[in-house]
Amino acid sequence: MIRILLASVLGATLLLPGCRDAEAPVAAPAADGWRVVFDGKSLDGWTPKIKGQPLGEDPLGTFRVRDGVIAVVYDDYERFEGRFGHLFLDGVHENYDFEFEYRFLGDQTPGGPGWAFRNSGAMVHGQSAESMRVDQDFPVSIEFQILGGDGKNARPTGNLCTPGTHVVIGDELVTRHVTDSSSPTYAGDGWVRARVEVRGDTSIRHFIEDQLVLEYRAPQLDPGDADARGLIEAAGGEVALKRGTISLQAESHPCEFRRLRIRSH
C-alpha cells in the first residue's frame with residue numbers, strides 16, 4: 001500500500017486537453033531497446049509547468065519546438081522574475097537510461113539569478129507535475145545538472161542537485177544541495193551528450209560523452225523540506241525514491257535539447 005501511494009503521488013500523470021494520452025503516437029523501441037521520446041516536430045508527450053501558472057499553461061512560450069529541437073527561450077520575457085519552468089515527460093519511470101544532447105545559447109534573460117548562467121538540468125525521480133504547488137520553484141526530485149563554461153572558471157557538468165531530496169555516496173548520507181561531477185568544462189555553444197542511468201533506489205549514474213562522471217545510491221525524500229514532507233505523509237512515511245517523473249528545466253538561460261530517448265530495464 002505504501003508503494004502504491006508513493007507512486008500515485010510522485011508519478012501520476014494529469015491528462016489535460018492537448019496533452020498526449022497513452023494512445024498518442026510515439027516511436028516504437030529500436031532493436032537495442034531505445035525509444036525516441038521527442039519527435040522533432042511537436043511537444044506531444046510533454047507537459048509544461050511554469051511557476052505561477054497552472055499545469056499545462058506556458059503563455060510566454062518558454063518551451064518551443066524549433067528546427068527539430070526543444071528550445072528553452074525567453075523571447076517574450078521582459079524579465080525572468082523567478083518563473084522557473086519544467087517540461088514533464090509523460091509517465092512514471094523506475095529502471096531506465098535517459099539520454100539527450102544539450103547546448104546553451106546566447107545571453108541569460110534579464111533578472112535571472114547569477115547561479116543560473118548557462119545552467120539547466122534534467123530532473124529524475126520527480127514528484128508528479130500535478131502535485132506541485134502553483135508557485136513551487138522546482139519539483140521534489142533528483143537533478144542531473146548541466147552547466148556551460150563561463151570562460152573563466154571550472155564548471156563541470158553532469159552534477160547532482162537535490163531539491164527536497166538526499167542521496168548516499170559511498171557510506172555518507174549527502175545533504176548538501178550540489179555535488180560536482182568529475183567532468184571537464186564544456187565552453188561555447190557546442191552540443192554535449194548526456195545520459196543518466198537510473199535503477200530504482202539502488203543506483204543512479206551520470207555520464208557525459210559516455211564517460212562516467214558521478215554515481216550514488218539510495219535517493220530519498222528530505223523530511224526537512226516542506227514539499228517533500230507532504231509527499232512523505234501521503235506515502236505513509238516512506239522516504240525511499242524508487243520511481244518518479246522526468247522533466248527538463250528552464251532556469252533563465254536559453255538552451256536546446258535534442259535526440260532525447262529512453263531505454264527501460
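Keep in mind the model is a prediction, meaning the values are calculated, not measured.
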Pairwise side-chain contact, V168 with V174, heavy-atom cut-off 4.5 Å (strictly under): no

Applying salt bridge (Lys or Arg N to Asp or Glu O under 4.0 Å) to R193 and D210, what does each step give before you reach the verdict? CA-CA 8 Å; R193 185 169 66 255; D210 294 325; 2.6 Å; yes

Residue pair L60 / R83, side-chain heavy-atom distance below 4.5 Å: yes

Do T179 and Y216 have side-chain N/O donor and acceptor atoms under 3.5 Å apart? no

Enclosure of D171 CG (heavy-atom neighbours >12, cutoff 6.0 Å): no

Atom pair CD1/CZ of I246 and F98 - distance to nearest 0.5 Å: 5.5 Å

Are F144 and F84 connected into the same hydrophobic cluster when the rule is that any two of I, L, V, M, F, W, Y join if their side-chain heavy atoms are below 4.5 Å apart? yes

Angle between ring planes, H86 versus F88, binned at 30° and 60°: parallel, tilted or perpendicular? tilted

Steps toward salt bridge (Lys or Arg N to Asp or Glu O under 4.0 Å) verdict (K51, D137): CA-CA 6 Å; K51 181 182 178 181; D137 287 334; 2.7 Å; yes

So, for H265 and Y96, is the gap between ring centers shorter than 6.0 Å? no

Between R133 and D135, does a salt bridge (Lys or Arg N to Asp or Glu O under 4.0 Å) hold up when you go through it step by step? CA-CA 5 Å; R133 293 179 286 106; D135 62 349; 2.6 Å; yes

State, yes or no, whether a side-chain contact exists between S247 and P139 at a heavy-atom distance under 4.5 Å. yes

Closest non-hydrogen atom pair, T157 against S181: O-OG, 2.5 Å

Roughly how far, to the nearest 0.5 Å, is CZ of F138 from NZ of K49? 12.0 Å

Side-chain contact test, heavy atoms from C-beta onward, threshold under 4.5 Å: evaluate it for F117 versus R155 and give yes or no. yes

Salt bridge (charged side-chain N to carboxylate O under 4.0 Å, His left out) partner of D97, the single match among R261, R199, R195, R35: R199

Check whether any side-chain heavy atom of V192 sits under 4.5 Å from a side-chain heavy atom of I146, and report yes or no. no

What one should report as the nearest heavy-atom pair of T245 and G91 is CG2-O, 4.0 Å

If you measure only the distance, is there a donor-acceptor pair under 3.5 Å linking the side chains of S252 and Y77? no

Give the C-alpha distance, both sets of side-chain angles, the deciding distance and a yes or no for salt bridge (Lys or Arg N to Asp or Glu O under 4.0 Å) between E256 and R66. CA-CA 9 Å; E256 295 179 340; R66 181 175 65 190; 3.1 Å; yes

Indicate whether any N or O donor in one side chain lies under 3.5 Å from an N or O acceptor in the other, for Q136 and Q127. yes

Side chains of D180 and L160, heavy atoms from C-beta outward: is any pair under 4.5 Å? no

Find out whether the Lys NZ or Arg CZ of R118 is both under 6.0 angstrom from the six-membered ring centre of F104 and within 45° of the ring's axis. no

Flag the pair L87 / T47 as yes when at least one side-chain heavy-atom distance between them is below 4.5 Å, and no otherwise. no

Close side-chain approach of L231 to V140, heavy-atom, < 4.5 Å: yes

Which heavy-atom pair separates P219 from H125 by the least distance, and what is that distance? CG-CD2, 3.7 Å

